[in-house]
Amino acid sequence: MNEYIKTLVDAKKLDISLQPDRWEFDENPYVISGPCSVESEEMIVDWAHKMKKLGVNALRGGAYKPCTYPITEEVGSNGWKEGLREEGLIFLKAARQESGLPIVSEIMDAKQITDRTLECIDIVQVGTRNFQNYTLLDELGKLDIPILLKRGTWGTIDEILGAVERILVGGNEKVAICLRGVVGMPSYRHVFPSIRWAPDLMMIPALKELCDIPIIYDPSHSTGYRNFVPAISRAAIAAGADGLIIESHPNPEKSISDADQAISLETLKEIMESVR
Ligand code: PEP
Ligand code: MN
């Protein structure tokens, strides 16, 4: 870490206190879970109830989905085109209303910051692809809403802190960093084809040494393979993460996106028991 960033971190005392009613960290890991994508109203509302019952803190569900292949991944016949988009947000709002759980969902562009969007999302997720979308980060800095900033798959420690700073200087201090795996895992792919990223566990103690920003670990995208999600969840908490964001689904193999990494309710329950 260069001296300049360290001074910034110290000077600002990047001590953020997130809204207690929506984002409260205690000694228990803050667990966010739900499907990669919102697939239907029925599905997300039903899953929200199950998440609530399990003691999950917040429900995730992607409405705007940045797909690697925008055409090839255009699946389903119910209007799903890189997510259910506005309709998906309305379904998330219904899920919040029914379950009382706060909603975590991604927005991909500053243009998507509208009253309608913010009515449906409690914690705005910045996806890995937008980690250095400075226009978006600057606009999010003007809001008073928690931001879950996912690390770019290429992001250095300076780039992580710089992106956080960009949101903080706007006046929004409710930022958490989400580590979700980085480039560099080709040695596994011939045996485990869905593995795309390398878990970035060492960044947890590294960031903890420098600042007091909550760290949420994503064992789903960082492994890409459901069988590895429990082990990496436990490892992240052991390494000092404040919480986890885990993709779960009523029928994991049938998930509309990221099916290989989705876990069942049962597995999620086991993880919750092992980290709490
Ligand atoms: C997601 O959370 O579903 C997602 C797209 O994550 P990432 O931006 O880390 O790829
Ligand atoms: Mn996903």
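Nothing here was measured: the structure is a model prediction, and the numbers come from that model. Computed over heavy atoms, backbone and side chain alike; hydrogens, waters and symmetry mates excluded.
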Open item on the list: Would you compute the distance between atom CD1 of I147 and atom NZ of K174 and round it to the nearest 0.5 angstrom?
Closed with: 9.5 Å
- [ ] Take L59 and S99 through the test side-chain contact (heavy atoms from CB on, under 4.5 Å) and record every step on the way to the result.
- [x] CA-CA 9 Å; L59 177 74; S99 67; 5.6 Å; no
Task: Student check: side-chain heavy atoms of I44 and E39 closer than 4.5 Å - done: no
Task: Smallest separation among heavy atoms of S233 and I246, with atom names - done: OG-CD1, 4.0 Å
- [ ] Check whether any side-chain heavy atom of P230 sits under 4.5 Å from a side-chain heavy atom of T267, and report yes or no.
- [x] yes
Task: Residues M203, I160; criterion side-chain contact (heavy atoms from CB on, under 4.5 Å); working and verdict - done: CA-CA 10 Å; M203 192 54 87; I160 296 171; 3.9 Å; yes
Task: R234 side chain vs V275 backbone, donor-acceptor pair below 3.5 Å - done: no
TODO: Verify the distance criterion only: is there a donor paired with an acceptor across the side chains of H249 and D258 at less than 3.5 Å?
DONE: no
- [ ] Write down the atom of M272, the atom of L54, and the distance for their closest heavy-atom approach.
- [x] CE-O, 3.4 Å
Task: Side chain to side chain, I113 and L118, heavy atoms closer than 4.5 Å - done: yes
Task: Side-chain (T128) to main-chain (T153) donor-acceptor, under 3.5 angstrom - done: yes
Task: Note, L149 side chain near L137 side chain (heavy atom, < 4.5 Å) - done: yes
Open item on the list: Using only atom types and a distance under 3.5 Å, with no angle test, would you say the side chain of E106 pairs donor to acceptor with the backbone of G62?
Closed with: no
Open item on the list: Check this for me: E266, atom CD, are more than 12 non-hydrogen atoms of other residues, nucleotides or ligands nearer than 6.0 Å?
Closed with: no
Open item on the list: Within the 4.5 Å heavy-atom criterion, are M43 and F91 side-chain neighbours or not?
Closed with: no
- [ ] Dump the intermediate steps for side-chain contact (heavy atoms from CB on, under 4.5 Å) on I237 and Y217, then the final yes or no.
- [x] CA-CA 8 Å; I237 297 302; Y217 200 80; over 6 Å; no
Open item on the list: Do W47 and K52 make a side-chain contact, defined as non-hydrogen atoms from C-beta onward lying under 4.5 Å apart?
Closed with: no
Task: Under 3.5 Å: donor-acceptor pair, side chain of N130, backbone of M108 - done: yes
Open item on the list: If you compare all heavy atoms of G184 against all heavy atoms of A198, which two are closest, and at what distance to 0.1 Å?
Closed with: O-CB, 3.9 Å
Task: Rounded distance (nearest 0.5 Å) linking atom CD1 of I263 with atom CG of N227 - done: 11.0 Å
Open item on the list: Under 4.5 Å between side-chain heavy atoms, counting indirect links through other Ile/Leu/Val/Met/Phe/Trp/Tyr residues: same cluster for V164 and W154 or not?
Closed with: yes
Task: Minimum heavy-atom distance between I157 and A206, given as atom pair plus value - done: CD1-CB, 4.0 Å
Open item on the list: Show the nearest heavy-atom pair for residues I123 and I121, with the distance to one decimal.
Closed with: O-CG2, 3.2 Å
TODO: Hey, could you give me the CD1/CD1 distance between I245 and I216, rounded to the nearest 0.5 Å?
DONE: 8.0 Å
TODO: Mark yes or no for whether N172, through its side chain, and L143, through its backbone, hold a donor-acceptor pair below 3.5 Å.
DONE: yes
Task: Rounded distance (nearest 0.5 Å) linking atom CG of L84 with atom OH of Y64 - done: 11.0 Å
Open item on the list: Can you tell me how far apart CG (D122) and CG (L101) are? Round to the nearest 0.5 Å.
Closed with: 9.5 Å
Open item on the list: Could you check whether any side-chain N or O of N57 sits under 3.5 Å from a backbone N or O of I32, counting only pairs where one atom can act as donor and the other as acceptor?
Closed with: no
- [ ] Using the six-membered ring wherever Trp is involved, compare the ring planes of Y188 and F192 and label them parallel, tilted or perpendicular (cut-offs 30° and 60°).
- [x] tilted
Task: Check: P29 main-chain N/O paired with R276 side-chain donor or acceptor under 3.5 Å - done: yes
TODO: Give a yes-or-no answer on whether the side chains of D109 and Q112 include a donor-acceptor pair shorter than 3.5 Å.
DONE: no
Task: Within 6.0 angstrom of K269 NZ, more than 12 heavy atoms from elsewhere - done: no
Task: Main-chain N/O of G181 paired to D218 side chain as donor or acceptor, under 3.5 Å - done: no
TODO: Could you tell me the separation between the CD atom of E119 and the CG atom of L92, rounded to the nearest 0.5 Å?
DONE: 13.0 Å
- [ ] State, yes or no, whether a side-chain contact exists between S248 and M51 at a heavy-atom distance under 4.5 Å.
- [x] yes
Task: Single-linkage hydrophobic cluster, 4.5 Å side-chain cutoff, Y134 and V124 together - done: yes
Open item on the list: Looking at every non-hydrogen atom in both residues, tell me the closest pair between I90 and C120 and how far apart they are.
Closed with: N-SG, 4.4 Å
Open item on the list: Closer than 3.5 angstrom, by distance alone: can the side chain of N133 be matched with the main-chain N or O of L136 as a donor-acceptor pair?
Closed with: yes
TODO: Determine whether W197 and V182 make a side-chain contact, defined as any pair of heavy atoms from C-beta on separated by less than 4.5 Å.
DONE: no
TODO: Return yes when atom CD of E253 has more than 12 non-hydrogen atoms of other residues, nucleotides or ligands closer than 6.0 Å, and no otherwise.
DONE: yes
Task: All salt bridge (charged side-chain N to carboxylate O under 4.0 Å, His left out) counterparts of R60, not counting sequence neighbours - done: E247
Open item on the list: I'd like to know if K142 and E139 make a salt bridge, using a cut-off of under 4.0 Å between side-chain N and carboxylate O.
Closed with: yes
Task: side-chain contact (heavy atoms from CB on, under 4.5 Å) between R226 and S194, intermediate numbers included - done: CA-CA 10 Å; R226 70 173 60 79; S194 67; over 6 Å; no
